[in-house]
Chemist: 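Sharing a structure below in structure tokens format, with a few things to ask.
Keep in mind that the numbers below use all heavy atoms, side chains included, and drop hydrogens, waters and symmetry copies.
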Amino acid sequence: MRFPGRFSDLLIADQLANVSLSFLVDDLQVRRGGVAGNIAYAMGLLGQQPVLVGAVGADFAEYRAWLEGNGVNCAGVLTSEKAHTARFVCTTDEAMAQIASFYPGAMSEARDIDIAAVAAEHDVDLVLVGANDPDAMVAHTRQAREQGLAFAADPSQQLARLDGDQAAELIDGATYLFTNKYEWALLLQKTGLSEEEVASKVGIRVTTLGGEGVLVVDTDGTEVRVAVVPETAKVDPTGVGDGFRAGFLTAHRAGLSLERAAQLGSLVAVLVLETTGTQEWTLNRDEAIERLTKAYGADAADEIATIL
């Protein structure tokens, strides 16, 4: 939903304990989404064959057909017999601030999925453990470690729900750690770890910085900063981070440098930003190369074009 105003104009600092607000919105869009679905969809458009892992309801049939039609393998999906697919209800204001609610539904059964079994049936070289049922996140992280599978830790929205010990366990041994700027600060606060201590537990750290781009810290401490691809319009920020992750991992797992990976991630992110909905965007190869060239130069565009 879209609110034609600013939340900040209606939030009174000394009355937050008594907050009671109703926002009259002027638009309603019902879209496909979810962290795993968004990342898998983007990877499918980028020519990958991602295996989606998650728990859904019986209402997932149309969504499944959509994902499979866009290159996503849904063999790792568990269908609940008693709950609906998870729902994210979000209102965005004129400043792109968001207030949202999340109904987990069938997601709570994701803990029953065995990552080892999924990996054994498919050619899996990386497991991304994203925002999910907290018990499932912990279980899947442990299973990946036990099986010697490389994994990316991407706790994102669930950091608020996790305690310090859970958060520390989710990142321990991760090949990649993804957060945005706020989540990075929250992770340090919750775990009580220093930046150096986190660095000793993870491989590559990726911190998205909104309009300031992205900071990537390599395993040796080398920092790589990449600016955003200039947008043509700011339409809807929902799912931008998911798009970045898909582009980054696609490029880096294909052998491109961290800089090139962040550049492709930034391109996918801006395509999501310019579109209403998280899975309504498309990828035009020629236009992508042109935008990469304008943003990062011909050499960058030429390298990234080899995997598009």
Side-chain angles (χ1 to χ4, degrees), residues 33-40 50-57 60 74 76-90 98-119 124 126-147 149-193 197-198 201-203 205-208 238-239 241-242 245-246 249 278:
V35 168
N38 295 340
I39 295 174
V51 180
L52 180 65
V53 175
V56 302
F60 185 68
C74 293
V77 172
L78 170 70
T79 301
S80 170
E81 297 181 357
K82 58 185 180 182
H84 291 291
T85 304
R87 294 287 191 278
F88 173 68
V89 183
C90 181
Q98 295 182 319
I99 294 178
S101 298
F102 186 78
Y103 160 72
M107 188 183 79
S108 300
E109 299 178 39
R111 65 191 71 175
D112 298 329
I113 300 172
D114 184 357
I115 289 294
V118 175
V124 174
L126 179 75
V127 176
L128 186 148
V129 182
N132 198 349
D133 170 71
D135 288 342
M137 295 170 71
V138 172
H140 294 165
T141 301
R142 289 175 178 171
Q143 291 163 11
R145 275 197 296 261
E146 290 167 359
Q147 296 298 315
L149 293 167
F151 69 95
D154 183 20
S156 58
Q157 296 99 325
Q158 287 294 47
L159 268 177
R161 173 86 176 268
L162 302 170
D163 62 34
D165 290 340
Q166 288 175 317
E169 181 172 3
L170 288 180
I171 68 172
D172 192 16
T175 301
Y176 303 92
L177 169 61
F178 289 98
T179 65
N180 61 28
K181 188 175 182 179
Y182 180 82
E183 292 160 356
W184 171 240
L186 183 60
L187 176 67
L188 295 180
Q189 179 190 78
K190 284 217 165 197
T191 61
L193 299 172
E197 289 170 327
V198 173
K201 292 177 176 292
V202 305
R205 176 165 65 86
V206 184
T207 308
T208 55
T238 310
D242 300 332
R245 286 151 175 72
L249 290 173
T278 58

Chemist: If every non-hydrogen atom of Gly105 is compared with every non-hydrogen atom of Ala83, which pair is closest and at what distance?
Modeler: C-CB, 3.8 Å

Chemist: Judged by modelled atom types alone, do Thr278 and Asn38 share a side-chain donor-acceptor pair under 3.5 Å?
Modeler: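 A pair is found: one side chain offers a donor N or O, the other an acceptor, under 3.5 Å apart.
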
Chemist: What closest approach, in Å, do Ala110 and Ala136 show between heavy atoms, and which atom pair accounts for it?
Modeler: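 Taking every non-hydrogen atom into account, C-CB, 3.6 Å.
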
Chemist: Restricting to non-hydrogen atoms, name the atom on Phe178 and the atom on Pro155 that form the minimum distance, rounded to 0.1 Å.
Modeler: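 Looking at all heavy atoms of both residues, the closest pair is O-CD, 4.0 Å.
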
Chemist: Tell me the closest heavy-atom pair linking Ala168 and Thr191, and the distance in Å.
Modeler: N-CG2, 3.7 Å

Chemist: Taking ring pair (Phe, Tyr, Trp, His ring centres under 6.0 Å) as the definition, give me every residue that meets it alongside Phe60, ordered by chain and number, with sequence neighbours left out.
Modeler: Tyr63

Chemist: How many angstroms lie between CG in Asp172 and NZ in Lys201, if you round to the nearest 0.5 Å?
Modeler: 4.5 Å

Chemist: Below 4.5 Å, heavy atoms only, C-beta onward: do Val53 and Ile115 meet side chain to side chain?
Modeler: yes

Chemist: How long is the gap from CG on Leu177 to CG on Leu187, to the nearest 0.5 Å?
Modeler: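 Taking CG in Leu177 and CG in Leu187, the distance rounds to 6.0 Å.
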
Chemist: Taking it one step at a time, do Gln157 and Val35 satisfy side-chain contact (heavy atoms from CB on, under 4.5 Å)?
Modeler: CA-CA 10 Å; Gln157 296 99 325; Val35 168; 3.9 Å; yes

Chemist: Are side-chain heavy atoms of Leu128 and Phe151 found at a separation under 4.5 Å?
Modeler: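 They are not in side-chain contact.
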
Chemist: To the nearest 0.5 Å, what is the distance between OH (Tyr176) and CZ (Arg205)?
Modeler: 15.5 Å

Chemist: Mark yes or no for whether Gln158, through its side chain, and Ala131, through its backbone, hold a donor-acceptor pair below 3.5 Å.
Modeler: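 It does not hold such a pair.
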
Chemist: Would a distance-only check, ignoring hydrogens and angles, find a side-chain to backbone donor-acceptor pair under 3.5 Å from His140 to Ile113?
Modeler: yes

Chemist: Measure across Gly76 and Val118 and return the closest heavy-atom pair with its distance rounded to 0.1 Å.
Modeler: CA-CG2, 4.3 Å

Chemist: Once side-chain hydrogen bond (donor to acceptor under 3.5 Å, both in side chains) is applied, do any residues pair with Gln143, and if so which ones, sequence neighbours excluded?
Modeler: none

Chemist: Any salt bridge (Lys or Arg N to Asp or Glu O under 4.0 Å) involving residues 138-147? Give me the pairs, sequence neighbours left out, ordered by first then second residue.
Modeler: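 Output for this query lists Arg142-Glu169, Arg145-Glu169.
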
Chemist: What is the distance from atom CG of Leu149 to atom CG of Leu126, rounded to the nearest 0.5 Å?
Modeler: 9.0 Å

Chemist: Are any non-hydrogen side-chain atoms of Leu162 and Leu170 less than 4.5 angstrom apart?
Modeler: yes

Chemist: Under the salt bridge (charged side-chain N to carboxylate O under 4.0 Å, His left out) rule, collect the residues that match up with Asp135, sequence neighbours excluded.
Modeler: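 Result, salt bridge (charged side-chain N to carboxylate O under 4.0 Å, His left out) vs Asp135: Arg111.
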
Chemist: What residue pairs, at least two apart or across chains, pass salt bridge (Lys or Arg N to Asp or Glu O under 4.0 Å) with a residue in residues 149-167?
Modeler: Asp154-Arg245

Chemist: Have Thr238 and Gln98 got a donor and an acceptor in their side chains that come within less than 3.5 Å?
Modeler: yes

Chemist: Mark yes when over 12 heavy atoms from residues, nucleotides or ligands other than Tyr103 sit less than 6.0 Å from its OH; otherwise mark no.
Modeler: yes

Chemist: Mind jotting down which residue pairs meet the salt bridge (Lys or Arg N to Asp or Glu O under 4.0 Å) criterion with at least one end in residues 76-85? Sequence neighbours excluded, please.
Modeler: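 Counting only pairs at least two positions apart or across chains, no salt bridge (Lys or Arg N to Asp or Glu O under 4.0 Å) contact touches residues 76-85.
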
Chemist: Within the distance-only criterion (no hydrogens, no angle test), does the side chain of Thr85 pair as donor or acceptor with the backbone N or O of Gly57 below 3.5 angstrom?
Modeler: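 The answer is yes, because a donor-acceptor pair under 3.5 Å joins these two groups.
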
Chemist: Could you grab the distance from atom OG1 of Thr179 to atom CG of Leu186, nearest 0.5 Å is fine?
Modeler: 10.0 Å

Chemist: Hey, does Val198 have a side-chain heavy atom less than 4.5 Å from the side chain of Trp184?
Modeler: yes

Chemist: Are Ile171 and Thr141 close enough, and set up right, to give a side-chain contact (heavy atoms from CB on, under 4.5 Å), and what steps lead you there?
Modeler: CA-CA 8 Å; Ile171 68 172; Thr141 301; over 6 Å; no

Chemist: What heavy-atom pair brings Gly192 and Glu197 nearest, and what distance separates the two atoms?
Modeler: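 Heavy atoms only, the tightest pair is O-OE1, 4.1 Å.
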
Chemist: Kindly compute the distance separating CD (Glu183) from OG1 (Thr207), expressed to the nearest 0.5 Å.
Modeler: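 If we round to the nearest 0.5 Å, Glu183:CD and Thr207:OG1 are 9.5 Å apart.
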
Chemist: Pair Lys181, Thr208 - check side-chain contact (heavy atoms from CB on, under 4.5 Å), show working.
Modeler: CA-CA 6 Å; Lys181 188 175 182 179; Thr208 55; over 6 Å; no

